[in-house]
Chemist: 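Would you mind keeping the following structure in view while I ask a few things?
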Protein chains: 2
Amino acid sequence: MPDENTGLALWLDRLTLRSDLNEEERAAVLALPGNLVFVKSNRDFVNLGEHVDRACLIVEGMAGRFGQARSGERQITALHIPGDMADLHSVALPKAATALQSIGECTIYRVAHANIRDLARRHPALAEAFWRDCVVDAAILSEWALVLGRLSADARVAHLLAELSCRFGIGECRDGRAFDWPLTQAQLGDATGLTPVHVNRMLRVLREAGAVDVKPKRVTILDWKRLCTIGQFDPRYLHLEEAG
Amino acid sequence: MPDENTGLALWLDRLTLRSDLNEEERAAVLALPGNLVFVKSNRDFVNLGEHVDRACLIVEGMAGRFGQARSGERQITALHIPGDMADLHSVALPKAATALQSIGECTIYRVAHANIRDLARRHPALAEAFWRDCVVDAAILSEWALVLGRLSADARVAHLLAELSCRFGIGECRDGRAFDWPLTQAQLGDATGLTPVHVNRMLRVLREAGAVDVKPKRVTILDWKRLCTIGQFDPRYLHLEEAG
DNA sequence: CGGGACTTTGAGGTAGATCAAAAAGTGTGG
DNA sequence: CCACACTTTTTGATCTACCTCAAAGTCCCG
């Protein structure tokens with residue numbers, strides 16, 4: 001059973017990966033008040049255009065950021081995993097330009113903007129850490145624009161799987177490793193800009209190429225190098241290494 | 001002849017559009033030291049992977065942020081116009097994950113990260129303003145991911161033209177207005193994820209639909225509403241209105 | 001055991017890519 | 001001011017990756 005400490009600790013790990021924080025600053029993050037909310041499967045918990053006053057930390061499960069075309073088709077512009085403050089950006093810009101939806105069931109921890117902003121005001125190093133977190137988010141988004149604009153269908157799917165492998169801390173010479181995967185093929189299509197049918201075919205291609213095996217609820221990396229080659233994936237943009 | 005004051009004043013306008021700043025904070029921004037650099041046509045002035053220590057403010061002309069696929073194809077992930085601090089994010093994350101290239105000739109004003117970071121440390125309101133600026137940038141990127149993932153070719157081109165109209169301060173019941181446009185059709189293809197040939201055909205379609213006329217170096221809005229409809233464009237994500 | 005959501009497979013259509021080349025514009029040096 | 005090279009725009013013909021529509025198969029949960 002997850003609790004708020006798990007969530008905040010995960011987020012702090014994420015922050016300290018890229019920013020130096022002293023003991024006081026770390027303690028301040030871990031002391032952030034909020035409430036733990038369980039979100040049912042595939043439910044919007046932040047609506048488009050809504051004026052939000054709390055940010056959502058993913059504690060367990062996954063969530064997606066969705067943009068919506070006039071036609072009603074949705075595009076997933078970001079996927080969030082445990083430890084991500086999914087809409088930290090809303091502290092700076094409270095009007096949600098994208099919706100947040102759970103992917104499968106998930107648990108979130110809601111933290112009031114006021115408290116986060118207060119921390120930023122009192123600790124310049126935290127202000128910078130929050131800023132940096134948003135910038136990394138934008139870097140991932142920018143990479144995703146490249147993927148959507150330039151890569152073929154098989155490469156898009158491979159790229160997404162490789163990115164998530166890295167963010168989950170798997171990958172890099174870890175053939176055979178597996179991780180939970182709550183997305184349906186239709187949702188994978190919403191992320192890659194493909195139809196569910198074509199996603200299915202691409203998954204088959206990737207499986208037959210011996211790169212990755214995607215079953216419902218579970219992804220197994222078969223050949224990390226091959227996956228990266230097909231997906232034209234280079235993890236540097238994720239900024240996961242402290243030594244940049 | 002542009003000078004550094006023009007550039008910083010434009011940027012300050014951009015910042016105050018979305019953040020309240022007092023007299024002291026405004027003065028501090030306007031006093032930022034740096035140097036004015038003239039960049040020749042289509043030259044990279046920030047390279048991929050480079051460790052940068054200065055941020056680039058666009059003073060005149062345009063610049064693009066480029067991602068690069070393994071195959072060498074480039075994707076423009078953002079377009080910057082005068083008044084944009086194109087890589088303000090580099091203050092938080094100095095390793096460039098994308099390149100910056102002039103589009104046509106442009107003039108930039110380079111400001112040392114140290115000076116910007118110093119301002120952020122001393123004025124929490126400025127720290128927040130810089131953060132917010134990056135967040136708006138990310139919101140535009142997120143919209144662009146939606147466009148690349150979900151819209152048809154004619155809509156992508158229309159969307160980009162509509163977005164730039166708004167950012168240039170044109171648009172909204174201003175049929176017949178025109179603005180400078182340094183992008184070639186090939187570059188427009190790099191932004192929209194299309195081939196130059198197909199961009200050309202889409203421009204014809206938009207012209208014949210009476211929406212917009214794109215000539216070399218110049219764009220004329222023929223029918224703003226129609227352009228927005230074709231491009232599924234809704235300017236809210238740009239956060240150009242103070243009242244959100 | 002039954003119903004709904006998800007995955008898989010098939011057949012055929014289409015938006016946009018690719019290849020090719022002509023036409024128009026732009027700048028440079030004579 | 002013209003001649004030449006180069007870049008950009010425009011048009012045409014063909015090809016293909018991905019979409020659309022349709023239906024069967026599988027899994028999961030009550």
Side-chain angles (χ1 to χ4, degrees), chain A residues 40-43 69 71-75 101-105 147-160 180-209 212-220 230 232, chain B residues 40-43 69 71-75 101-105 147-160 180-209 212-220 230 232:
Chain A
K40 278 190 263 193
S41 201
N42 306 320
R43 286 284 200 295
S71 60
E73 278 185 311
R74 296 188 119 195
Q75 170 72 38
Q101 185 180 87
S102 57
I103 291 179
E105 301 169 342
V147 168
L148 291 174
R150 288 289 170 215
L151 301 195
S152 58
D154 56 341
R156 291 187 207 184
V157 175
H159 192 103
L160 186 63
D180 287 342
W181 184 253
L183 279 83
T184 64
Q185 292 180 6
Q187 288 169 324
L188 194 44
D190 284 342
T192 51
L194 302 169
T195 55
V197 172
H198 205 59
V199 168
N200 182 277
R201 294 190 225 268
M202 293 304 104
L203 289 178
R204 174 137 72 112
V205 166
L206 294 177
R207 186 179 307 123
E208 287 174 355
V212 65
D213 185 33
V214 182
K215 291 201 180 60
K217 306 279 165 201
R218 196 121 187 110
V219 169
T220 310
I230 296 173
Q232 301 197 17
Chain B
K40 278 190 263 191
S41 203
N42 307 320
R43 285 285 200 296
S71 58
E73 278 185 310
R74 297 187 118 194
Q75 170 72 38
Q101 185 181 87
S102 57
I103 292 180
E105 300 169 341
V147 167
L148 290 174
R150 288 293 170 212
L151 301 194
S152 58
D154 55 343
R156 290 187 206 182
V157 175
H159 192 102
L160 186 63
D180 286 342
W181 185 253
L183 280 84
T184 63
Q185 291 180 7
Q187 288 170 324
L188 194 44
D190 285 341
T192 52
L194 302 169
T195 54
V197 172
H198 205 58
V199 167
N200 182 278
R201 294 190 226 269
M202 293 304 104
L203 290 178
R204 174 136 73 113
V205 166
L206 294 177
R207 187 179 306 122
E208 286 174 356
V212 65
D213 185 32
V214 181
K215 291 201 180 61
K217 306 278 165 203
R218 196 120 187 110
V219 169
T220 309
I230 296 173
Q232 300 199 19

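These numbers come from a predicted model, not from an experiment. Below, chain A is the first sequence line, B the second, and so on; all start at residue 1.
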Chemist: How many Å lie between CD on B:Glu105 and C1' on C:dG27, as a whole number?
Modeler: 12 Å
Chemist: How close or far is atom C1' of C:dC6 from atom CG of A:Leu183, stated in whole angstroms?
Modeler: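 The distance from CG of A:Leu183 to C1' of C:dC6 comes to 13 Å, rounded to the nearest Å.
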Chemist: How close or far is atom C1' of C:dA17 from atom CZ of A:Arg150, stated in whole angstroms?
Modeler: 11 Å
Chemist: Which is true for B:Gly189 with a 4.0 Å heavy-atom rule: it touches a base, it touches only sugar-phosphate, or it touches nothing?
Modeler: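 Here B:Gly189 touches no strand at all.
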Chemist: Mind checking the NZ-CG spacing from B:Lys215 to B:Asp213? Nearest 0.5 Å is all I need.
Modeler: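 Separation between the atoms: 4.0 Å.
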Chemist: Go through A:Glu105 and A:Arg43 one step at a time and tell me if the side-chain contact (heavy atoms from CB on, under 4.5 Å) criterion holds.
Modeler: CA-CA 8 Å; A:Glu105 301 169 342; A:Arg43 286 284 200 295; over 6 Å; no
Chemist: What is the separation between atom CG on A:Asn200 and atom P on D:dC19, rounded to the nearest whole Å?
Modeler: 13 Å
Chemist: How long is the line joining CH2 of B:Trp181 and P of D:dT8, in whole Å?
Modeler: 15 Å
Chemist: Quick one: pull up CD1 in B:Ile103 and CG in B:Leu183 and give me the separation to the nearest 0.5 Å.
Modeler: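 These two atoms lie 4.5 Å from each other.
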Chemist: Return whichever of A:Pro216 or A:Ala153 has its heavy-atom-nearest nucleotide of DNA chain D closer to the 5' end.
Modeler: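 Upstream on the strand: A:Ala153.
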Chemist: Expressed as a whole number of angstroms, how long is the span from B:Leu203:CG to D:dT10:C1'?
Modeler: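 Going from B:Leu203 (CG) to D:dT10 (C1'), I get 11 Å.
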Chemist: Under 4.0 Å, heavy atoms only, any strand: does B:Leu194 hit a base, just the sugar-phosphate, or nothing?
Modeler: sugar-phosphate
Chemist: For the pair made of CG in B:Asn42 and P in D:dC6, what is the distance, rounded to whole Å?
Modeler: 17 Å
Chemist: Give one of base, sugar-phosphate or nothing for B:Thr195, where a contact means two heavy atoms less than 4.0 Å apart.
Modeler: base
Chemist: Taking only the side-chain heavy atoms of B:Gln185 (C-beta and beyond), determine which of C:dT8, D:dT9, C:dT7 contains the nearest atom.
Modeler: D:dT9
Chemist: Are side-chain heavy atoms of A:Asp180 and A:Arg218 found at a separation under 4.5 Å?
Modeler: yes
Chemist: Would you mind telling me which of C:dG16, C:dC19, C:dT7 lies closest to the side-chain atoms of B:Val197?
Modeler: C:dC19
Chemist: Determine whether a donor-acceptor pair (N or O, by modelled atom type, separation under 3.5 Å) exists between the side chain of B:Thr192 and the backbone of B:Val157.
Modeler: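 Looks like no, no N/O pair under 3.5 Å.
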Chemist: Could you give the CD-to-P distance, from A:Glu208 to C:dT9, as a whole number of Å?
Modeler: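 To the nearest whole Å, that distance equals 9 Å.
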Chemist: Give a yes/no on whether any side-chain N or O of B:Arg201 is located under 4.0 angstrom from OP1 or OP2 of D:dG12.
Modeler: no
Chemist: For B:Lys217 and for A:Leu151, find the nucleotide of DNA chain D with the closest heavy atom, then tell me which residue's nucleotide is more 5'.
Modeler: B:Lys217
Chemist: Can you tell which of C:dA17, C:dT7, C:dT18 lies closest to the side chain of B:His198?
Modeler: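 Among the listed nucleotides, the one closest to the side chain of B:His198 is C:dA17.
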